[in-house]
Number of protein chains: 2
Amino acid sequence: MVDESAVPGGRRLRADARRNRELVVAAARTAFAEDGLAISFDEIARRVGVGVGTVYRHFPTREALFEAVLLDRVRQFVADAVALADADDPGRAFLGFVTAVIDQLALNQALCEALEASAGVGFETAPTVERDFLDAVGTLLRRAQQAGAIRSDLDVVDVRDILVACATAQRRASRRGGTSRLVAVVCEGMTSAEDARS
Amino acid sequence: MVDESAVPGGRRLRADARRNRELVVAAARTAFAEDGLAISFDEIARRVGVGVGTVYRHFPTREALFEAVLLDRVRQFVADAVALADADDPGRAFLGFVTAVIDQLALNQALCEALEASAGVGFETAPTVERDFLDAVGTLLRRAQQAGAIRSDLDVVDVRDILVACATAQRRASRRGGTSRLVAVVCEGMTSAEDARS
DNA sequence: GACTATATGGAGGGATCTCTCCGGTTAGCA
DNA sequence: TGCTAACCGGAGAGATCCCTCCATATAGTC
């Protein structure tokens with residue numbers, strides 16, 4: 001977690017600036033989750049009740065705002081994955097991680113978009129975070145595969161696709177007041193015995 | 001397939017109008033497939049090399065253009081599903097249908113968006129087509145479930161979610177020059193024996 | 001070739017979004 | 001309390017996009 005009371009130069013923000021910054025972050029957190037990364041700065045400023053200039057001063061780019069609002073979530077995923085890396089039951093650890101991440105992603109449109117991007121907003125200012133994520137998930141995956149719990153033809157990029165796909169389906173389902181069974185299907189498919197593979 | 005040489009009133013289009021209409025349809029087909037339903041009319045006009053007024057005259061709304069360009073695809077899906085409704089092997093029929101539709105959807109961004117919408121562009125001018133689609137897929141699904149080939153807790157909405165999710169993953173994978181294994185995982189998960197269901 | 005219904009292009013008005021700039025305001029300090 | 005650096009709001013320029021309108025061009029017909 002970065003110290004939000006200081007600007008990169010180290011100088012301490014004035015009280016009103018700090019207050020506005022926090023309001024912007026809070027509004028952006030909600031807006032990103034609901035509407036994704038495409039939310040306009042005008043709209044964020046309108047919701048907070050400040051001028052758009054104030055938003056731009058604190059966050060010159062959409063990436064900067066993303067970093068302040070959402071990057072910690074991804075870092076938390078990495079930490080969770082690392083913590084599970086030497087679990088007793090690698091298959092259970094992997095599936096637990098996957099379903100937990102899907103639940104989080106389903107609540108957050110922007111996080112899905114950033115994760116699936118490869119060509120989008122999100123990790124420009126912190127290029128290693130995406131790699132850390134894939135590395136940590138890859139470790140969990142490999143251990144689960146070595147334990148025979150997960151089909152061996154999957155790679156970490158497949159897993160990322162699966163996370164995003166399931167989260168998207170889950171979010172759509174919850175909008176219509178239900179739950180997507182895609183998650184259950186995918187977990188079943190990832191764990192089932194290896195045969196009839198092309 | 002509608003007769004594209006006539007307007008709804010039945011009057012025959014002038015030759016230049018017919019030519020332009022076809023150019024617009026061709027450009028829209030490509031643009032929809034690549035960029036989805038959000039492609040602007042200005043952009044389509046620019047690609048065709050006509051004025052934007054010409055595009056609007058032929059297709060007053062995005063839905064009208066969608067209908068001219070893509071609705072036949074959905075109708076074809078329905079026809080395929082109906083044709084498979086009394087296949088000898090319902091499980092095989094269902095899975096074959098699903099993978100074929102995914103392959104088509106993966107080539108067409110707009111078709112995915114329309115199918116997943118519920119709240120989007122696409123079926124406004126032909127409201128029965130979406131229902132026909134769900135009905136036909138539902139029939140295939142039920143027969144496959146009765147034959148014990150597909151897990152019984154899935155409904156047709158799950159299947160629609162699965163189609164869109166797999167197609168999206170497939171398209172992303174093909175953009176990076178590969179193939180998504182999500183389809184294989186999902187097929188495995190849909191067919192596996194019923195146990196450990198929550 | 002002339003006439004006319006039909007079709008065309010693109011200007012234009014309204015809306016939204018991005019990002020910058022600067023006159024006015026205020027927090028924090030002496 | 002008064003000063004000043006820091007901060008604020010929002011106007012405004014430039015870029016799209018949507019959709020309409022009408023002067024101009026032309027296909028089809030006589």
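Being a predicted model, the structure only gives us computed values, none of them experimental.
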Among [options], find the nucleotide with the atom closest to the side chain of [X].
| X | options | result |
| --- | --- | --- |
| B/Asp16 | C/dT8, D/dC8, C/dC19 | C/dT8 |
| B/Ser40 | D/dC17, D/dC7, C/dA7 | D/dC17 |
| A/Tyr56 | C/dT18, D/dC18, D/dC8 | C/dT18 |
| A/Val52 | C/dT8, D/dA11, D/dC8 | D/dA11 |
| A/Asp42 | D/dC17, C/dC19, C/dT8 | C/dC19 |

Determine, for [X] against [Y], whether the closest basic-nitrogen to carboxylate-oxygen distance falls under 4.0 angstrom.
| X | Y | value |
| --- | --- | --- |
| B/Glu113 | B/Arg62 | no |
| A/Asp158 | A/Arg151 | no |
| B/Arg160 | B/Glu130 | yes |

Side chains of B/Leu182 and B/Gln170: closer than 4.5 Å at any heavy-atom pair?
no
Does B/Val50 reach a base, just sugar-phosphate, or nothing at all? Heavy atoms under 4.0 Å.
sugar-phosphate
Using a heavy-atom cut-off of under 4.0 Å over every strand shown, decide if A/Phe41 touches base, sugar-phosphate, or nothing.
sugar-phosphate
At under 4.0 Å, does any side-chain N or O of [X] touch on OP1 or OP2 of [N]?
| X | N | value |
| --- | --- | --- |
| A/Arg46 | D/dG10 | no |
| A/His58 | D/dC8 | yes |
| A/Arg57 | D/dC8 | yes |

To the nearest Å, give me how far apart [atom1] ([X]) and [atom2] ([N]) are.
| X | N | atom1 | atom2 | result |
| --- | --- | --- | --- | --- |
| B/Arg21 | C/dG9 | CZ | C1' | 19 Å |
| A/Leu65 | C/dC19 | CG | P | 12 Å |
| B/Leu13 | D/dT26 | CG | C1' | 15 Å |
| B/Arg12 | D/dA27 | CZ | C1' | 13 Å |
| A/Glu43 | C/dC19 | CD | C1' | 17 Å |
| A/Asn20 | D/dC7 | CG | C1' | 9 Å |
| B/Leu37 | D/dC18 | CG | P | 12 Å |
| A/Arg19 | C/dA27 | CZ | P | 7 Å |

Keeping the roles fixed (side chain from A/Gln145, backbone from A/Leu154), state whether a donor-acceptor pair exists under 3.5 Å.
yes
Does B/Arg14 make a side-chain donor-acceptor contact with the base of C/dA7, cut-off 3.5 Å?
no
